[in-house]
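Notes follow once the structure below has been shown.
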Amino acid sequence: TEFVTVSELANMMNVQPTQVIAACMSLGIFASINQRLDAETIQIVSDEFGFEAEFVSAEVQDAIPVVEDKEEDLIPRPPIITVMGHVDHGKTSLLDKIRNANVTEGEAGGITQHIGAYSVVKDGKKLTFLDTPGHEAFTAMRARGAQVTDVAIIIVAADDDVMPQTKEAISHAQAAGVPMVFAINKIDKPGANPDKIREQLSQMNILVEEWGGKYQSQEISAKQNLNIDLLLEKVLLEAEILNLRANPNKNAVGVVIESSLDKGKGYVTNMLVEAGTLKVGDVILVGRNYGKVRAMHDEKGNALKEAGPATPVSILGINGAPNAGDKFNVMDDEREAKSIASKREQLYREQGLRATKHITLDEIGRRL
Ligand code: GTP
Ligand code: MG
């Protein structure tokens with residue numbers, strides 16, 4: 001994160017900008033007068049001039065008002081459930097069975113490349129599911145998945161072990177304070193040993209109910225559609241305890257699941273509405289992008305006019321491809337959305353510029 005510019009810092013310390021530039025240069029940073037500096041540089045430079053830098057806010061603040069919901073505006077909302085676990089342990093297969101589709105075979109190489117999101121109705125209740133990739137390269141996506149979720153299903157293949165990404169998923173869920181239900185999968189396989197999985201979990205201080213602990217778990221076979229209903233009942237139980245509610249009557253806020261560029265349609269952004277109601281025609285600010293919702297669809301391709309809390313949607317109209325995990329806000333004023341987006345873009349570029357210079361100088365330093 002960057003803070004004040006060279007000239008602003010000079011002003012605060014009542015010195016010439018050229019003196020700050022010189023101080024930066026002695027650190028190997030070629031800063032221009034209007035360049036923003038990061039916390040570390042500000043600290044070192046101000047120290048050199050006999051000042052101590054104090055950071056009031058650690059983030060660049062945009063003027064997006066956070067509206068506190070009134071008690072009477074909150075109504076029950078569907079739970080957001082994330083399926084997490086090691087690569088190939090059966091996350092996508094489980095979700096396939098839950099929503100009776102077949103995504104596993106359609107995916108490139110059978111590895112989930114992104115977080116997919118689906119709405120499912122079970123016993124008249126709506127549930128929202130997020131799939132996450134198990135490949136080790138997707139740590140950030142698993143962390144984001146854990147952050148938006150209400151309940152995590154941690155899936156472990158009974159013919160394998162509690163693996164690195166199983167442990168990682170567990171620690172993301174724990175860090176986010178999200179309740180976990182364990183799905184011990186592939187019990188149809190000859191080599192399946194669910195007891196070994198329970199044993200390995202206990203070594204991580206996770207005791208499932210069968211072993212006298214507090215964590216619900218369920219042996220399943222995603223492939224043979226075995227015990228999936230029992231698993232869902234346990235997940236629903238966890239969700240009910242949370243008494244999840246949201247205010248549907250406000251500007252929508254939520255998070256990006258994935259985005260892509262389609263040759264015909266332009267930028268397609270898949271998002272999860274977390275609270276409020278998103279409507280066609282709404283102006284959205286999302287990461288360094290913005291735009292007006294031109295069209296909105298559910299995950300089956302049906303056109304939607306509006307989408308309430310815990311609904312995954314695919315929209316058209318954003319002027320670029322935001323990152324998975326970026327928050328979105330509906331703004332009342334398109335000009336304001338545009339101006340905040342371009343401010344964020346500018347900060348991002350300056351940061352990129354600085355980072356490049358750092359690397360180059362480091363390399364020169366090493367060679368000398
Ligand atoms: P990534 O998204 O790549 O992390 O994998 P994933 O966890 O989504 O696993 P996926 O559902 O793609 O399943 C991996 C393989 O295990 C596939 O070949 C599935 O058919 C198989 N599989 C999944 N569940 C079961 C099961 O219950 N029994 C058996 N025998 N095979 C299963
Ligand atoms: Mg998958």
Side-chain angles (χ1 to χ4, degrees), residues 80-120 127-149 151-173 178 180-198 200-201 208 216-235 257-260 270 272 299 312 324-325:
I80 298 164
I81 299 147
T82 302
V83 183
M84 301 207 277
H86 197 75
V87 67
D88 277 353
H89 278 197
K91 298 172 290 296
T92 305
S93 303
L94 171 61
L95 275 178
D96 282 355
K97 285 299 178 310
I98 290 174
R99 68 194 185 104
N100 284 326
N102 211 331
V103 177
T104 339
E105 280 168 22
E107 282 173 4
I111 293 178
T112 306
Q113 303 285 352
H114 52 253
I115 299 182
Y118 316 97
S119 268
V120 173
L127 311 174
T128 303
F129 283 92
L130 292 184
D131 189 8
T132 66
H135 192 276
E136 60 182 333
F138 296 106
T139 296
M141 284 196 187
R142 281 188 296 275
R144 285 173 196 137
Q147 276 155 24
V148 297
T149 202
V151 180
I153 296 178
I154 309 284
I155 189 166
V156 195
D159 66 330
D160 199 5
D161 292 289
V162 169
M163 295 295 279
Q165 273 67 57
T166 320
K167 291 182 181 164
E168 196 205 80
I170 290 171
S171 55
H172 285 319
V178 169
M180 296 180 278
V181 174
F182 289 85
I184 301 178
N185 190 30
K186 307 200 186 183
I187 54 161
D188 61 288
K189 280 196 151 185
N193 186 354
D195 250 333
K196 185 183 69 180
I197 302 301
R198 288 188 276 268
Q200 291 173 350
L201 288 172
V208 296
Q216 299 196 84
S217 80
Q218 181 61 56
E219 293 179 14
I220 62 164
S221 165
K223 193 169 194 169
Q224 298 192 347
N225 212 348
L226 216 67
N227 299 346
I228 311 280
D229 260 13
L230 294 175
L231 174 68
L232 283 186
E233 276 167 26
K234 292 180 177 175
V235 170
I257 296 162
E258 60 178 12
S259 61
S260 58
N270 292 356
L272 181 68
E299 71 272 17

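Computation of the quantities below employed the complete heavy-atom set of this structure, encompassing side-chain atoms and omitting hydrogens, waters and symmetry-equivalent molecules. Residue numbers run from 1 in the order of the sequence given. In each ligand, atom 1 is the first atom listed, and ligand 1 is the first ligand listed.
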Partners meeting side chain to side chain donor-acceptor pair (under 3.5 Å) with T166 (sequence neighbours left out):
none

Going by the rule side chain to side chain donor-acceptor pair (under 3.5 Å), which residues pair with K234 if we only count those two or more places apart in sequence or in a different chain?
Q218

Is the shortest side-chain heavy-atom distance between D195 and R198 below 4.5 Å?
yes

Quick check: do N185 and H89 have side-chain heavy atoms less than 4.5 Å from each other?
no

Run down the list M84, Q165, K186 and name the one with the heavy atom closest to atom 25 (C) of ligand 1.
K186

Which of the listed options, K97, K223, Q224, holds the heavy atom that is closest to atom 26 (C) of ligand 1?
K223

N, O or S atom of T92 closer to the Mg ion (ligand 2) than 2.8 Å
yes

Under 4.0 Å from a heavy atom of G90: which atoms of ligand 1 are those, numbered in the order shown and with their elements?
6 (P), 7 (O), 9 (O), 10 (P), 11 (O), 13 (O), 23 (C)

Which of the atoms of ligand 1 are close to D188, meaning less than 4.0 Å from one of its heavy atoms?
26 (C), 27 (O), 28 (N), 29 (C), 30 (N)

For the atom pair CD1 (I80) and OG1 (T149), what is the distance rounded to the nearest 0.5 Å?
7.0 Å

Atom CE of M84 and atom CG of D131: how far apart are they, to the nearest 0.5 Å?
11.5 Å

Check: [X] N/O within less than 3.5 Å of ligand 1 N/O:
X	answer
L94	no
K91	yes
S93	yes

Under-4.0 Å heavy-atom contact with ligand 1, by part of V87 that carries it
both

side-chain contact (heavy atoms from CB on, under 4.5 Å) between V120 and L95: does it pass, once the steps are laid out?
CA-CA 10 Å; V120 173; L95 275 178; over 6 Å; no

